[in-house]
Amino acid sequence: KNKIKMAPLPNKLAASIALRAHGGGDIVHELMLKAPHFFAKAAPAKVKSCQVLEGSYGTEGSIILWEYIYGGKVHTAKHVIRDVDEEKRHIGYEVIGGDLLELYKKVLFATDVETRDGVDFVTWTIEYELRKPDNPHPLSLVDFWIEFARDVEEH
């Protein structure tokens with residue numbers, strides 16, 4: 001299967017968090033891939049809704065719309081699933097609509113799960129290009145993802 005290879009964007013941030021629950025990485029990966037709408041129940045302070053606009057959950061080329069709560073406001077993000085590797089527990093996305101594109105020309109992000117020494121880690125990576133040099137880098141978005149993982153794990 002040919003994968004879409006995209007050139008790296010000028011900026012990249014990544015954050016990993018260890019999950020306390022045994023098998024938590026598999027659960028997070030499966031939910032992100034096949035049932036992200038569940039996060040509205042598991043992390044209602046962060047996710048308002050998630051719905052498929054085209055295709056289906058977990059399928060490359062599918063378009064997903066998220067409504068999420070960030071900075072006390074409801075935001076939207078529309079993304080297309082670019083690549084999925086079930087064996088490596090990787091999902092890659094490209095943002096194609098929503099609030100993030102007001103600050104960034106292009107946004108790619110990925111979720112990866114790996115197990116090291118019996119501990120599951122989930123890693124979020126965001127690659128982006130600023131629209132203007134004085135726009136903020138999305139550091140608080142990385143914090144949001146870490147808090148999101150904790151909320152899901154506690155649920």
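Because the structure is predicted, anything quoted here is derived from the model rather than measured. Every heavy atom of this structure was used, including side-chain atoms; hydrogens, water molecules and symmetry mates were not.
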- Query: How long is the span from the CG atom in D99 to the OH atom in Y68, to the nearest 0.5 Å?
  - Reply: 5.5 Å
- Query: If every non-hydrogen atom of S62 is compared with every non-hydrogen atom of G55, which pair is closest and at what distance?
  - Reply: OG-CA, 3.5 Å
In a table with atom names and distances, give each donor-acceptor pair under 3.5 Å that connects a side chain of residues 135-147 to protein atoms at least two apart or in another chain.
from : atom 1 : to   : atom 2 : distance (Å)
N135 : ND2    : L103 : O      : 2.9
H137 : ND1    : Y128 : OH     : 2.6
S140 : OG     : Y70  : OH     : 2.2

- Task: Under the side-chain contact (heavy atoms from CB on, under 4.5 Å) rule, what do R150 and I17 come out as? Steps first, then yes or no, please.
- Result: CA-CA 9 Å; R150 287 289 174 232; I17 187 166; 3.4 Å; yes
- Message: Using a 4.5 Å cut-off between side-chain heavy atoms of Ile, Leu, Val, Met, Phe, Trp and Tyr, which other residues end up in the same hydrophobic cluster as F121?
- Response: V119
- Under the 4.5 Å side-chain heavy-atom rule for ILVMFWY, direct or indirect, which residues accompany V80? L53, I63, L65, I96
- Item | Set of side-chain hydrogen bond (donor to acceptor under 3.5 Å, both in side chains) partners for Q51, sequence neighbours left out | none
- Query: Are I126 and V107 side-chain neighbours, meaning at least one heavy-atom pair lies under 4.5 Å?
  - Reply: yes
- Set of residues satisfying side-chain hydrogen bond (donor to acceptor under 3.5 Å, both in side chains) with respect to S16, sequence neighbours excluded: T123
- Item | Residues that E54 engages under salt bridge (Lys or Arg N to Asp or Glu O under 4.0 Å), provided they are two or more places apart | none
- Residue list, salt bridge (Lys or Arg N to Asp or Glu O under 4.0 Å) with D151, at least two apart or on another chain: K46
- Counterpart residues, side-chain hydrogen bond (donor to acceptor under 3.5 Å, both in side chains), relative to K34 (two or more places apart): E30
- Message: Tell me every residue that passes side-chain hydrogen bond (donor to acceptor under 3.5 Å, both in side chains) with T115, counting only those two or more places apart in sequence or in another chain.
- Response: R89, D120
- Query: Quick one: do I69 and I64 end up in the same hydrophobic cluster if we chain Ile, Leu, Val, Met, Phe, Trp and Tyr together by side-chain heavy atoms under 4.5 Å apart?
  - Reply: no
- Query: Where does the angle between the aromatic ring planes of F109 and Y93 fall among parallel (under 30°), tilted (30 to 60°) and perpendicular (over 60°)?
  - Reply: parallel
- Between H90 and D112, the two heavy atoms sitting closest are ND1-OD1, 2.6 Å
- Task: Please identify each residue that fulfils side chain to side chain contact (heavy atoms under 4.5 Å, CB included) with K12, with sequence neighbours left out.
- Result: T125, E127
- Go through the structure and list residues passing side chain to side chain contact (heavy atoms under 4.5 Å, CB included) with S49, not counting sequence neighbours. E67
- Query: If you take all heavy atoms of I91 and H29, which pair is closest and at what distance?
  - Reply: CG1-CE1, 3.7 Å
- Task: Would you give the length of the straight line joining atom CG of D83 to atom CG of L108, rounded to the nearest 0.5 angstrom?
- Result: 9.5 Å
- Heavy atoms of K73 and H75 approach each other most closely as O-CD2, 3.2 Å
- Identify whether the distance between the nearest side-chain nitrogen and carboxylate oxygen of E94 and K106 falls below 4.0 Å. yes
- Task: Might you point out which heavy atoms bring R131 and K105 nearest each other, and give the distance in Å?
- Result: CG-N, 3.6 Å
- Say you draw a straight line from NZ of K78 to CG of L100; how long is it, rounded to the nearest 0.5 Å? 13.5 Å
- Flag if over 12 foreign heavy atoms under 6.0 Å of CG, D117: no
- Item | Partner set under ring pair (Phe, Tyr, Trp, His ring centres under 6.0 Å) for F148, not counting sequence neighbours | F39
- Item | Where L33 and E86 come nearest, the two heavy atoms and their spacing | CD2-OE2, 2.9 Å
